[in-house]
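Below: the structure, in C-alpha cells.
Note: hydrogens, waters and symmetry copies are ignored here, and every other heavy atom, side chains too, is used. Note that the numbering runs from 1 along the sequence shown for the chain.
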Amino acid sequence: DPLGYLGDGVFGSDALTVNPYLGRDSLEPFVDQAAANGRGLFVLVKTSNPGSRDLQDLTTTDDRPVYLHTAALVGELGRPYRDEDGYSPVGAVVGATHPQVLREVRRALPYSVLLVPGYGAQGARAEDVAGAFDADGAGGRQSSLGEAT
C-alpha cells in the first residue's frame with residue numbers, strides 16, 4: 001500500500017513524491033494521509049529534466065502551461081491543511097534548471113514548500129534557486145540527489 005509510506009510503518013517516511021497525471025482523485029488519499037500523520041507530500045509540477053517540456057510546458061485553452069494548472073491543483077489540495085506558519089503539507093517539485101518557472105510557481109504557491117532538484121550536477125546555480133524562497137527566505141528545499149526529480 002503506497003499510503004503506508006506516509007504512516008508509522010516499517011516503510012514510513014517524512015515525505016513522499018507523487019505524480020499528478022492521474023488527476024485529483026489519485027492525489028487526495030495521499031494528501032489526507034500526509035496531513036493526518038504530520039508528513040509531507042511533494043507533487044511533480046515542473047521537473048528538472050529537459051524532457052519535462054514534452055508534457056509540462058504544453059499550453060491549454062487558457063494559454064497557461066500544464067505546470068501552472070498542476071501548481072493550482074497543489075494549492076487547492078493543500079489549502080485546508082495549512083499550519084500556524086501558513087504552510088501546507090502539500091508541496092511541489094520544481095526544477096532549479098527552470099529559474100523563471102520556479103519564480104512563477106512560487107507566486108502561484110505562496111504557502112507550499114518547493115522541492116528544488118537540479119542544483120549542481122544538472123547545471124543550476126545558487127542564483128537559479130533564489131526564486132524558490134518566500135520573502136522571509138523560507139519555503140524551498142534543495143534536493144540533494146544528483147538525479148532528475
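- The side-chain heavy atoms of Tyr87 and Val113, taken from C-beta on, include a pair separated by under 4.5 Å.
- Taking 4.5 Å as the limit, every side-chain heavy atom of Val116 sits out of range of all side-chain heavy atoms of Val94.
- A donor-acceptor pair is defined here as one N or O able to donate and one able to accept, closer than 3.5 Å; such a pair exists between the side chain of Arg39 and the backbone of Asn37.
- Listed by chain and number, the residues in a side chain to side chain donor-acceptor pair (under 3.5 Å) with Glu28 amount to none (sequence neighbours excluded).
- The two residues Val45 and Ala92 come nearest to each other via the heavy atoms CG2-CB, 3.5 Å.
- With sequence neighbours left out, the side-chain contact (heavy atoms from CB on, under 4.5 Å) criterion links Tyr111 to Arg82.
- Contact of the Val43 side chain with the Val93 side chain is not registered, since no non-hydrogen atoms from C-beta on lie closer than 4.5 Å.
- You'll find the side chain of Asp25 stays beyond 4.5 Å of the side chain of Leu27, heavy atoms only.
- A distance of 7.5 Å separates OG1 in Thr17 from CG in Leu41, rounded to the nearest 0.5 Å.
- Judged purely by atom type and a 3.5 angstrom limit, Thr97 uses its side chain to pair as donor or acceptor with the backbone of Ser48.
- Put simply, the side chain of Pro117 does not reach to within 4.5 Å of the side chain of Thr47, judged on heavy atoms.
- Interatomic distance, OG of Ser26 versus CG of Asn19, reported as 8.0 Å (0.5 Å rounding).
- Closest non-hydrogen pair, Asp57 versus Lys46, comes out as OD1-NZ, 2.8 Å.
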Using atom types as modelled, flag every donor-acceptor pair under 3.5 Å from a side chain in residues 64-73 to any protein atom, sequence neighbours excluded.
| from | atom 1 | to | atom 2 | distance (Å) |
| --- | --- | --- | --- | --- |
| Arg64 | NE | Asp62 | OD2 | 3.2 |
| Arg64 | NH2 | His69 | ND1 | 2.9 |
| Tyr67 | OH | Glu104 | OE1 | 2.7 |
| His69 | NE2 | Thr60 | OG1 | 2.7 |
| His69 | NE2 | Asp62 | OD1 | 3.2 |
| Thr70 | OG1 | Val66 | O | 3.0 |

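- The two residues Phe42 and Ala15 make their nearest non-hydrogen contact at CE1-CB, 3.9 Å.
- The backbone N or O of Leu109 sits less than 3.5 Å from a side-chain atom of Arg106, completing a donor-acceptor pair.
- The distance from the OG atom of Ser112 to the CZ atom of Arg79 is 9.0 Å, given to the nearest 0.5 Å.
- Crowding of Phe11 atom CZ: a count of heavy atoms from other residues, nucleotides or ligands under 6.0 Å not exceeding 12.
- Within 6.0 Å of CG on Asp85 lie more than 12 heavy atoms contributed by other residues, nucleotides or ligands.
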